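Chain naming here is simple, since letters A, B, ... match the order of the sequence lines and numbering starts at 1 in each. Note that the structure is predicted; figures quoted are calculated from it, not measured.
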Protein chains: 2
Amino acid sequence: MLPSGISIDAFERALDAFARAIGDEWVVRGGKELAEYRDPFAFASSDPAEFAPSAALRPGSVEEIQAIVRIANECRIPLWTFSRGKNLGYGGPAPRVSGSVALDLGRMKKIEIDEELCCAVVEPGVTFFDLYDYISERKLKLWISVPALGWGSVLGNALDRGIGYTPYGDHSEKLCGMEIVLANGELIRTGMGALSGAKTWQSFKPGYGPSVDGLFMQSNFGVVTKGGFWLMPQPDFFIACDLHFERESDLEAIVDITARLRREEIIQNTAVLSNAVRLISRRGARSQWFAGDGVVPDDVVEKALRESGLGAWNLTFATYGPEELADGREKIARQAFAAIPGAKFASKKFNVKATPADELAASMGSESAQAGVPSLIPLGVLKYRGEDGGHLGFSPVVAPSGKEAVKLANLVGTRCHERGFDYYGGFSFGVRHLYSVMMILYDKQSDEHRVQANKLCEGLVVEAAKMGFGEYRAHVAYMDLIGEQYDFNNHALRRFIETLKDAADPNGILSPGKQGIWPRGTRPKRNPV
Amino acid sequence: MLPSGISIDAFERALDAFARAIGDEWVVRGGKELAEYRDPFAFASSDPAEFAPSAALRPGSVEEIQAIVRIANECRIPLWTFSRGKNLGYGGPAPRVSGSVALDLGRMKKIEIDEELCCAVVEPGVTFFDLYDYISERKLKLWISVPALGWGSVLGNALDRGIGYTPYGDHSEKLCGMEIVLANGELIRTGMGALSGAKTWQSFKPGYGPSVDGLFMQSNFGVVTKGGFWLMPQPDFFIACDLHFERESDLEAIVDITARLRREEIIQNTAVLSNAVRLISRRGARSQWFAGDGVVPDDVVEKALRESGLGAWNLTFATYGPEELADGREKIARQAFAAIPGAKFASKKFNVKATPADELAASMGSESAQAGVPSLIPLGVLKYRGEDGGHLGFSPVVAPSGKEAVKLANLVGTRCHERGFDYYGGFSFGVRHLYSVMMILYDKQSDEHRVQANKLCEGLVVEAAKMGFGEYRAHVAYMDLIGEQYDFNNHALRRFIETLKDAADPNGILSPGKQGIWPRGTRPKRNPV
């Protein structure tokens, strides 16, 4: 595997130059170690040449990244940048363009925290576990926000617009100030970081004049080497709320009420709505419930629900703050959901202020994500189908309206069942939007599963877009297809972004094809539609 | 006055082309009407050729703007875009480069509101008064957020990163989705607007892939023709809080407490801290208190404070929500400020839900801004010095820390007094930063005032930057000087932005020099430092 248009000799010379810049032990030239940089689930095709890197580089400093970028420009080597590469459902570390050199930032693990201003500056290799441990060890009264799995990069997750489950769960929104190596090797700091000696780099996002931060999200415009994050002041109390609703047809009312409470900031964190299959799948192999192939029959699901005390829809969220405010919010939410007949509302209050952090963490089950405690618990779903489970998601953005959510859920549920997959579904509630959550859990050993999962995803991207739903994130295999749906004025926005891309990265060395943005000369590689 | 390098004949031909595109009655070729497009306070120099447009265009539609941009490219005419041009302290509608053609978007006044999703889409000509009236007439349960003066553009204010005084007071942060005419005449929609038919344009800011919205703020990258805004669901109650502190030396404690309460979202809106002169200046001509020239002596200020019941520092903010939450927040804030000896805390509760909007508005004084009711009340300060008063601001961003605020206030106060101006000062509290507020109120008829005001501002920009404080906004006369302070890695960020600018606007027709960003070929015009 080589970068396109590069001879073996030229490639070897480039790798030698990289090795001189960062040390030979940090250049991965092949073998088992390089195989780790492939798509871990490889569902879209069984072609080993697809989404495969030619080598990997593991720099340890900003200066080394600058050196890498300069060599890549000279040698015309495309780099595929990632922080930890742990976003397995989106392809993990796998590059869009085969033959790209993986630029693995996992070794860069510096953490700085300003306790007075409640913020952190982290390098890309810092995981949620790392940051949590750093804060715990120093007994700082600060909370982080974590996604479902804690092994990923704090910075990489925010740049990919990941979410967590505390009031600081919109991770890209809590990112304040970046340091970036540009495609030409120059180092910039954004926002107030552009003023040398400013103490406001982590206080004020925009800075002066045009703000470029958004350009570096889900993007190939630069290599982000530091990111500032706002951390949540530890609240005195938090109350985890857990609701169960009897009927599938409750969906419209649930969404309307949750969306209103979220908009009014009664519910302060990412509320999570889950259907039956989503919760059942966490309890291990599906074969415990159902021995057959195809979709689990309704009566089996209902039996499992009854036995486990779950509802057709299940909602979790939390309230936070001084006790009287956390209590007040819980009460208002409880009253609001009482409008849905049969709704069951349970809550559990945690006295954060009076409880040592380790004791608090030990007292929590699935609520831990709502308190920013990282875990790997949700990995359990990979045991749902087959011994060697994979997952693939479809996550369009939905307007915070019950009617819109019903429309989308009906589409996704129907299409899942048509392809023989259970509908693992739900919604995550931002302040002003919903993400639809759908995961295809499949057996990696089954060719039929892989083919059907791929067809299901492709079909949903196109069909949902026609109904006005666009995805906010993408597996490498779907980056072009999803980008294609963003078609206003014949893709005028993409043309504009690619014009900027060509100016910022004239040799097209940084992550070509990322999120459907291609450098000049490589655009014919964009997947035809 | 002509655009640089354009002959009279060529200019006349360009104006004729503009007139054919938008109608002759919307082309302003000179005279008194054109004089309205100058800096209303013209403090920096008395040269009539400075910051003066050559003509003005008043298009009525997106298509007309596209036509204007195409003609400007053909004829190499620089356009200076603004919405209402009412930001008088920053130069109003005056262009950075004399001879630019003013592109006045004031005629574009469409408003659309989605009541279910609590958002609006407005064109650039819509003022805060317009939007408020639109909502009032339809009795919608929605609040807007307004800056000190209601005559400006809702969209223009947000693009310039203006602020208001409700919980939605960070206006650029509440902007969700834009429509933009690019320099090449193409129309883009950002975020989810790039997906034709998406119902999420006003729900989800980032969209898919790199986000370009920040590039169009305080910028010359395009002409923004529509902006989406989140509107605040009308709260049941709001409680306006008014605090007075006895001693100037209370500043550090006040800032630390307010910043903490803001970060913890106990205080939900932009809290405003004002020193004595700032409040006294609202009560009309300074000559009522002090007949002399120069700085008002301390004993006169103290007498005025005693007579009016004000403090050396005075803080206003509000709490909002269902009654129990608004009450709870007020109580927590009251307890927190009791730590400062002599602090006086007064509050006034408004039952919004039970009061018709017009009655509510009529019952409010200066609290009206906290409820999003637009006014022109603060214009009164222009009567403070001389019959024909001007004002000029210095607004650096400060980290939310008492020590930092004291450092900045000492600097600004000292330098004001050295130049013979009263120190009109204070701070506005965002969630994670402060804006320092300082206004020089001066007599426009006094050459000495104008010269001193200019020297004061120039000196403060440079001196404050050395201490780590950078301004977030700029009068046209200071755009370069302020940009110059953002110097990390020898202005690497500015170089990057100008690289993008050249790609987006190769002929440099859009607002050259805006916020210190110059198109290729015009960079020698940047003010030398």
Which one, [options], leads in non-hydrogen pairs under 4.5 Å with chain A?
options: Asp256(B), Val398(B), Asp502(B), Ile332(B); value: Ile332(B)
options: Thr499(B), Leu187(B), Ile180(B); value: Leu187(B)
options: Arg432(B), Glu265(B), Met192(B), Gln515(B); value: Arg432(B)
options: Gly468(B), Gly214(B), Pro210(B); value: Pro210(B)
options: Tyr320(B), Phe221(B), Tyr168(B); value: Tyr168(B)

Of the backbone (N, CA, C, O) and the side chain (C-beta and beyond), which part of [X] lies under 4.5 Å from a heavy atom of chain A, both, or neither?
X: Phe469(B); value: backbone
X: Ile517(B); value: side chain
X: Cys176(B); value: neither
X: Ile497(B); value: side chain
X: Arg161(B); value: side chain
X: Ile266(B); value: side chain

*Note: Glu404(A)-Lys407(A) ion pair, threshold 4.0 Å (strictly below)*: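 Lys407(A) and Glu404(A): salt-bridged.
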*Using the salt bridge (charged side-chain N to carboxylate O under 4.0 Å, His left out) rule, collect all pairs that involve residues 182-194 of chain A, keeping only residues at least two apart or in two chains.*
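As it turns out, the salt bridge (charged side-chain N to carboxylate O under 4.0 Å, His left out) pairs with a partner in residues 182-194 of chain A, which skip direct neighbours, are Glu179(A)-Arg189(A), Glu186(A)-Arg495(B).
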*Mind checking whether Tyr435(B) and Phe204(A) have parallel, tilted or perpendicular rings, split at 30° and 60°?*
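Aromatic pair Tyr435(B)/Phe204(A) classed perpendicular.
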*Check the side chains of Asn220(B) and Trp518(B) for a donor-acceptor pair under 3.5 angstrom, ignoring hydrogens and angles.*
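The criterion, which ignores hydrogens and geometry beyond distance, is not satisfied for Asn220(B) and Trp518(B).
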*Any side-chain donor near an acceptor of the partner, Gln218(B) and Arg473(B), under 3.5 Å*: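 Note: Gln218(B) and Arg473(B) side chains miss the donor-acceptor criterion.
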*Which heavy atom in Leu159(A) sits nearest to a heavy atom in Met178(A), and how many Å separate them?*
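Of all heavy-atom pairs spanning Leu159(A) and Met178(A), the closest is CD2-CE, 3.9 Å.
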*State, to 0.1 Å, how close Ser172(B) and Ala158(B) come at their nearest heavy-atom pair, and which atoms those are.*
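Of all heavy-atom pairs spanning Ser172(B) and Ala158(B), the closest is CB-O, 3.3 Å.
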*Measure distances from Leu182(A) to the heavy atoms of chain B and classify the residue's part below 4.5 Å as side chain, backbone, both or neither.*
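Just its side chain gets close to chain B.
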Between [options], who has the most heavy-atom pairs with chain B when the cutoff is under 4.5 Å?
options: Gly483(A), Gly516(A), Pro235(A); value: Gly483(A)
options: Glu173(A), Lys205(A), Arg329(A), Glu264(A); value: Arg329(A)
options: Ala399(A), Gly209(A), Pro206(A); value: Gly209(A)
options: Glu471(A), Arg260(A), Met479(A); value: Met479(A)
options: Lys331(A), Lys514(A), Met467(A), Gln268(A); value: Lys331(A)
options: Tyr486(A), Phe216(A), Tyr472(A), Phe496(A); value: Tyr486(A)

_Ring-ring centroid check Tyr478(B) Tyr208(A), cutoff 6.0 Å_ =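 Centroid separation for Tyr478(B) and Tyr208(A): 6.0 Å or greater.
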Expected list for residues 193-201 of chain B: side-chain donor-acceptor pairs under 3.5 angstrom, two or more places apart:
{"residue": "Ser196(B)", "atom": "OG", "partner": "Asp487(A)", "partner atom": "OD1", "Å": "2.7"}
{"residue": "Trp201(B)", "atom": "NE1", "partner": "Thr190(B)", "partner atom": "O", "Å": "3.0"}

*Nearest 0.5 Å, what's the CG-OG distance between Leu408(A) and Ser401(A)?*
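If we round to the nearest 0.5 Å, Leu408(A):CG and Ser401(A):OG are 11.0 Å apart.
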*Validate the cation-pi geometry between Lys174(B) and Phe229(B): distance from NZ or CZ to the six-membered ring centre under 6.0 Å, angle to the ring axis within 45°.*
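No - Lys174(B) does not lie over the ring of Phe229(B) by the 6.0 Å and 45° rule.
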